[in-house]
Every structure is written in C-alpha cells, then in structure tokens.
Amino acid sequence: MRNGQPYLDTEGRVIHAHGGWMLDHGGYTYWYGEDRRDNHYVAVYRSADRKNWEFRGHILSTDTPYEETSGRFDPRLSWERDGVRRKVNIERPKVLYNEKTKRFVLWAHYENGENYREARACVASSDQPDRDFVYHGSFNPFGEMSRDCTVHTDSAGDTYFVSASRDNADLHVYRLTEDYLNVDEWVKSIYNHEFREAPALFERGGRTYMISSYCTGWAPNQGKWCSADAVTGRWSLLRDFGDKTTFGSQSAFVYRDGERYWYVGDRWMGGEPKYFESTYVVLEIRFTEDGAPYIEWTDEPEMFN
Ligand code: DGJ
C-alpha cells in the first residue's frame with residue numbers, strides 16, 4: 001500500500017478507518033476508525049500481518065443499542081428534525097481492552113452532526129473486539145468541552161483520556177475509572193492556549209511522548225512532538241515533527257510493535273463529500289540519540305507492505 005493512496009481490504013474495497021486506532025488482541029491487530037457512509041459511524045478491520053486487512057463490520061452505527069451506565073449521559077445516536085432522521089458525528093474512535101471486566105471499551109468524540117458545539121466524549125463497550133457493542137452515551141467530562149481525543153494506558157497501568165477543551169485551546173488529561181466506562185479524575189490541563197489537536201501518545205524508554213497538530217480544520221499543518229516523565233507529569237516544550245504539513249497529514253495514533261513505532265496520520269480531503277477520499281500516511285518513527293522522535297517520507301510504509 002502506498003502512502004496517500006486508498007488502502008484496500010482483502011475484498012478489494014477501500015478501507016474507511018479514518019481518525020483511527022489499532023489494538024492488538026488474540027493474535028490479530030484490529031484497526032478501528034471513522035466510516036461515515038450510510039448509517040455507519042465506526043468500522044473495524046483485522047489483520048494477522050498488518051498487510052492484509054479483513055473487514056469485520058461496524059461496531060457503532062445509528063442503530064447500536066443503548067445501555068445506560070450513567071443517567072447524565074445522552075443516549076442519542078441519531079435525532080429527528082422536520083420528520084427527517086439525522087446522523088450525529090462520531091470522530092477519532094479509540095478502543096481499549098479492559099483486563100478486569102474483559103470488555104472492549106470505545107471512546108470517541110461526539111457532535112450533533114450539524115456543528116462542533118456540543119464538544120462531547122462518548123463511550124461504548126462489548127465483550128467482543130469487532131461486534132455486539134452497546135452505546136453508553138455522550139457527555140462533557142467534568143462539564144468541559146471535549147473534541148479531538150485519544151486514550152493512553154501507561155506502564156503503571158492507569159488509563160487516560162486526553163481531549164481538546166475550551167474551544168480547542170487546551171488539552172485536558174482525565175484518568176479513567178477502573179472499568180474504563182467513565183472519567184474518574186480530571187488530572188491536568190496542558191498546553192494551554194496552544195490549540196493542539198489530534199493527540200497521539202506513546203511510551204518509550206521511560207518517557208511519555210505526544211504527537212499532535214495545530215488547529216486548522218481539515219488542512220494539514222506542522223506536527224509537533226513533546227514528552228513528559230509521565231502523563232501526569234511535567235510536559236516539555238513543543239518541537240517540530242515532520243515537515244510543514246506533517247507530510248500532508250494529521251496524527252491519528254502511534255502503533256507500537258516491540259521497539260518499533262509507527263506514526264499513522266490521516267490525509268484528510270476536507271469535509272463531505274471530499275472527506276470520503278481521505279487516505280492515510282504511515283511512517284516509521286525513528287529517534288535521535290537524545291530521544292527526539294522524527295519521521296521521513298517514504299512512499300511505501302513497511303508496516304503495510
Ligand atoms: C480537525 C480534527 O482533528 C478532525 O478530527 C476534524 O474534527 C476536523 N478538524 C473538522 O474540521
């Protein structure tokens with residue numbers, strides 16, 4: 001597969017897994033992401049070699065059943081106006097496996113489908129990685145706005161939800177409850193007034209890294225990296241990552257394979273209808289002797305070829 005070109009699944013169909021995430025489980029890598037076609041929200045593919053991706057289905061769509069976990073959460077995955085049923089908007093889905101509950105838990109960004117003013121997080125879960133998800137609703141963590149988001153489990157075993165708040169000015173870090181179904185504590189507000197979007201976290205050599213973008217809608221901009229001694233610790237200054245447009249992409253997530261790290265970004269084509277032509281940019285992250293991560297352009301990423 002070539003960077004910036006449509007990636008195909010094992011049936012030869014274009015992979016729609018935008019703003020996505022990969023999870024290793026039971027000998028497979030599951031690739032989750034946005035699929036905005038028809039009544040779908042989140043698609044999942046799986047692969048045993050990360051080259052051949054089998055489409056497994058949609059884990060979230062307008063008819064995913066609701067299961068209440070908190071009366072504060074809004075159960076709607078669609079709504080009606082003038083007799084017409086409308087879709088909401090689900091972005092940047094991330095799925096974690098919870099060892100204690102043996103459930104797969106999805107966190108994502110929820111909007112009403114008309115604008116980005118609701119700025120909520122949403123949660124769903126299942127005992128399977130690729131089916132039977134139930135929706136637990138959307139909410140504003142600690143009453144705060146929550147847009148671009150990611151999740152991260154640190155080496156101490158704590159899991160965090162990180163999302164853009166205060167109209168994207170700040171990033172908030174929340175620790176999740178043990179079952180991952182809610183936020184337990186609002187731990188920190190970082191990069192205040194830096195307008196960071198598209199956060200992607202990973203750990204290496206005892207440090208926690210974050211790749212993120214600036215806030216320019218669908219247009220790519222200069223990616224930045226930063227690091228801290230812990231998610232809850234002191235974060236460094238932001239430094240350039242990739243070129244002025246992050247090679248025409250915006251960070252989605254970092255996939256770790258042992259000691260190798262891969263940057264996976266979206267090459268957005270804009271809002272609908274061009275959105276559906278969005279592709280991916282996958283580049284291996286290398287590190288300088290000082291531990292500074294960097295990427296270089298290559299047409300064919302080894303991870304997929
Ligand atoms: C940038 C975000 O990172 C995307 O997920 C999406 O919300 C676009 N903005 C919409 O303009």
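Note that ligands are numbered from 1 as they come in the structure, with each ligand's atoms numbered from 1 the same way. When reading the values below, keep in mind they use all heavy atoms of this one structure, side chains included, and skip hydrogens, waters and symmetry mates. Index from 1, following the sequence.
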> Within less than 4.0 angstrom of ligand 1, does Ala198 place any heavy atom?
Replying inline: no

>> Quick one, Tyr280 and Ile15 - any side-chain contact, counting heavy atoms below 4.5 Å?
In response: yes

> Would you say Thr62 and Arg85 make side-chain contact, with heavy atoms under 4.5 Å?
Replying inline: no

> Counting heavy atoms only, which part of Arg147 comes closer than 4.0 Å to ligand 1: side chain, backbone, both or neither?
Replying inline: neither

> Do any nitrogen or oxygen atoms of Trp268 come within less than 3.5 Å of a nitrogen or oxygen of ligand 1?
Replying inline: no

> What residue among Tyr7, Tyr255, Trp262 forms ring pair (Phe, Tyr, Trp, His ring centres under 6.0 Å) with Phe304?
Replying inline: Tyr7

>> Keeping Glu34 on the side-chain end and Tyr41 on the backbone end, is there a donor-acceptor pair under 3.5 Å?
In response: no

> In the protein, what heavy atom is nearest to atom 9 (N) of ligand 1, and what distance, to one decimal place, separates them?
Replying inline: Gly217 O, 3.4 Å

>> Less than 4.0 angstrom from a charged side-chain N to a carboxylate O is my criterion; do Asp229 and Arg207 meet it?
In response: no

> So His18 and Tyr275, would you call those rings parallel, tilted or perpendicular, with 30° and 60° as cut-offs?
Replying inline: perpendicular

> Just which atoms of ligand 1 are under 4.0 Å from any heavy atom in Glu91?
Replying inline: 4 (C), 5 (O), 6 (C), 7 (O)

> Using heavy atoms and a threshold below 4.0 Å, how should the contact between His109 and ligand 1 be classified: side chain, backbone, both, or neither?
Replying inline: neither

> With under 30° as parallel and over 60° as perpendicular, where do the rings of Tyr45 and Trp31 fit, or are they tilted in between?
Replying inline: tilted

> At what distance is the nearest protein heavy atom to atom 5 (O) of ligand 1, and which residue and atom is it?
Replying inline: Arg92 NE, 3.0 Å

> How far is atom 3 (O) of ligand 1 from its nearest protein heavy atom, and which residue and atom name does that atom have?
Replying inline: Asp148 OD2, 2.5 Å

> Any idea which atoms of ligand 1 are less than 4.0 Å away from a heavy-atom of Tyr116?
Replying inline: 7 (O), 10 (C)

